[in-house]
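Data block below; observations after.
Small disclaimer: the values here were computed from a predicted structure and weren't measured.
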Amino acid sequence: LSDEGGLALRDELDRLLAPPPVQPVEEGPPPSTLEQAIAARIDGDLDRAARLFAAALAERPDDPATWQAWADLLQYERGDFDGALAALREVERRTGTADPALQYRLAQLELWTDDLGAARRRLEALLPRLPVPGTVGPVAPEGESADVTRADVLALLGDLDMRVLAIVAV
């Protein structure tokens with residue numbers, strides 16, 4: 001490789017085999033308080049998550065996503081159905097939505113917190129908005145969930161009726 005062609009070949013191989021230059025990594029914005037709260041919840045640090053959710057709600061009190069995430073922590077990690085119900089009512093108030101999934105979850109929490117009249121009214125209002133199996137029913141508006149079925153609502157109404165019967169029997 002002492003001749004000029006050999007040197008050119010070696011230089012070309014060196015160029016081709018050289019690692020690419022390291023590009024600096026652009027750091028994105030730091031995670032939001034809500035993102036930090038969700039991460040703490042996922043990590044199981046529920047006390048830290050609760051503090052971060054409180055801060056996130058103070059920063060953005062009108063943000064439905066923050067209220068929704070707070071309700072999730074209260075319901076699923078803390079078993080605080082009253083608190084979750086209050087947080088989801090804030091979601092409903094702020095979005096003005098009649099999203100079937102939100103309405104169904106609110107009805108569940110109303111049932112579990114013994115607000116049976118509110119649960120029944122909510123479920124009875126929801127039922128006509130859901131398609132009958134085997135038919136083409138109403139399509140969920142943009143941004144609303146179509147995950148709740150008539151069977152779900154009817155089953156929860158049955159649970160509600162059983163709860164009323166248990167109360168009457170006592």
Given 3.5 Å as the limit, does a donor-acceptor pair link the side chain of Arg60 with the main chain of Leu34, or not?
no
Taking all atoms of both residues into account, what is the closest heavy-atom pair of Pro128 and Glu124, and its distance?
CD-O, 3.1 Å
Is there a path of hydrophobic side-chain contacts, each under 4.5 Å between heavy atoms, that joins Trp70 and Leu46?
yes
same_hphob_cluster(Val148, Leu154) at 4.5 Å side-chain heavy-atom cutoff:
yes
Heavy-atom closest pair (Asp62 atom, Pro64 atom, distance to 0.1 Å) is O-CD, 3.1 Å
Separation of Asp115 CG from Arg121 CZ (nearest 0.5 Å):
7.0 Å
With a 4.5 Å limit on heavy-atom distance, are the side chains of Leu116 and Ile167 in contact?
yes
Could you pull out all residues at least two apart from Arg51 that satisfy side chain to side chain contact (heavy atoms under 4.5 Å, CB included)?
Asp47, Arg48
If you round to the nearest 0.5 Å, how far is CG of Asp11 from CG of Leu16?
11.0 Å
Donor-acceptor check, side chain of Arg150 to backbone of Leu127, threshold 3.5 angstrom: yes or no?
yes
Heavy-atom check, side chain of Arg41 versus side chain of Asp72, under 4.5 Å
yes
What pair of heavy atoms forms the shortest contact from Ala107 to Ala119, and how long is it?
O-CB, 3.6 Å
Per the side-chain hydrogen bond (donor to acceptor under 3.5 Å, both in side chains) rule, which among Gln108, Arg129, Arg122 passes with Gln103?
Arg122
In this structure, OG1 of Thr95 is separated from CG of Asp63 (nearest 0.5 Å) by 11.0 Å
Does Arg89 form a salt bridge (charged side-chain N to carboxylate O under 4.0 Å, His left out) with Glu92? I'd like the steps, not just the answer.
CA-CA 5 Å; Arg89 284 180 174 157; Glu92 181 183 41; 5.7 Å; no
No-hydrogen, no-angle side-chain donor-acceptor test under 3.5 Å, Gln75 and Arg105:
yes
Pairwise distance CG(Leu165) to CG(Leu160) - rounded to 0.5 angstrom
10.0 Å
Kindly work out whether a path of hydrophobic side-chain contacts (I/L/V/M/F/W/Y, heavy atoms less than 4.5 Å apart) joins Tyr104 to Leu106.
yes
Got a donor-acceptor contact below 3.5 angstrom from the Trp67 side chain to the Pro61 backbone?
yes
Is it the case that over 12 heavy atoms from other parts of the model lie below 6.0 angstrom from the CZ atom of Arg94?
yes
With a 4.5 Å heavy-atom cut-off, do Leu74 and Phe81 have their side chains touching?
no
Distance (rounded to the nearest 0.5 Å) between Asp161 CG and Arg120 CZ:
4.5 Å
I'd like to know if the side chain of Gln36 reaches the main chain of Pro31, judged simply by a donor and an acceptor atom lying under 3.5 Å from each other, with no hydrogens or angles considered.
yes
Looking only at non-hydrogen atoms, find the nearest pair between Ala71 and Ala87 and report the distance.
CB-CB, 3.7 Å
Atom CD in Glu110, atom CG in Leu88: separation rounded to 0.5 Å?
10.0 Å
Hey, quick one: are Leu156 and Val164 part of the same hydrophobic cluster, counting side-chain heavy atoms closer than 4.5 Å, chains of contacts allowed?
yes
Considering all heavy atoms, the nearest Ala56-Thr33 contact
N-CG2, 3.6 Å
Would you say Leu109 and Met162 are hydrophobically clustered, going by side-chain heavy atoms of ILVMFWY under 4.5 Å?
no
